[in-house]
Amino acid sequence: MSHLEMLRRRSEILRRNIGTMIIKENKSGMNLQENRFYHQLIRKWHENEHEIHAMNKKA
């Protein structure tokens, strides 16, 4: 598995986890710890997407 494939897979997993957190927020709300985890997931997803974009630009 290449580095780019790994990044794409990580992006899929992060998006799925973010979607799960959004559903939880809509159903019952989040406590402070869950809210921080949610924002951390979004931050990681953005960093990952930026890295994918940079690698695609090089190629």
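The structure presented is a predicted model; accordingly, all values stated were derived computationally and were not measured.
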Query raised in the report: Is Glu34 close to Phe37 at the side-chain level, that is, under 4.5 Å between some pair of heavy atoms?
Result: no

Report task. Using atom types as modelled and distance alone, determine if a side-chain donor or acceptor of Glu49 lies under 3.5 Å from a backbone N or O of His46. Result -> no

Query raised in the report: When you measure from the side chain of Glu51 to the backbone N and O of Asn48, does any donor-acceptor pair fall under 3.5 Å?
Result: no

Query - Test item: Met21 and Asn17 side chains (from C-beta on) under 4.5 Å apart, heavy atoms - result: no

Report summary line: Closest non-hydrogen contact found for Trp45 with Ile18 is CB-CD1, 3.9 Å

Query raised in the report: How many angstroms lie between atom CD1 of Ile22 and atom CD of Glu25, to the nearest 0.5 angstrom?
Result: 9.0 Å

Query raised in the report: Rounded to the nearest 0.5 Å, how far apart are CD of Glu47 and CG of Leu14?
Result: 10.0 Å

Requested in this report: Please examine the side chains of Arg36 and Gln40, heavy atoms only from C-beta on, and report whether any two atoms are closer than 4.5 Å.
Outcome: no

Query raised in the report: Is there side-chain contact between Leu4 and Asn56, with heavy atoms separated by less than 4.5 Å?
Result: yes

Query raised in the report: What is the minimum heavy-atom distance between Asn31 and Gln33, and which atoms define it?
Result: OD1-N, 3.1 Å

**Report entry** Transitive ILVMFWY side-chain link Ile42 to Ile23, under 4.5 Å
**Finding:** no

Query raised in the report: Judged by atom type as modelled, is there a donor-acceptor pair below 3.5 Å linking the side chain of Lys24 to the main-chain atoms of Met30?
Result: no

Query - Met55 with Met6, same ILVMFWY side-chain cluster at under 4.5 Å - result: yes

Query raised in the report: Is the shortest distance from a Lys or Arg side-chain nitrogen in Glu12 or Arg9 to a carboxylate oxygen in the other one below 4.0 Å?
Result: yes

Report task. Mind checking the NZ-NE2 spacing from Lys44 to His39? Nearest 0.5 Å is all I need. Result -> 14.5 Å

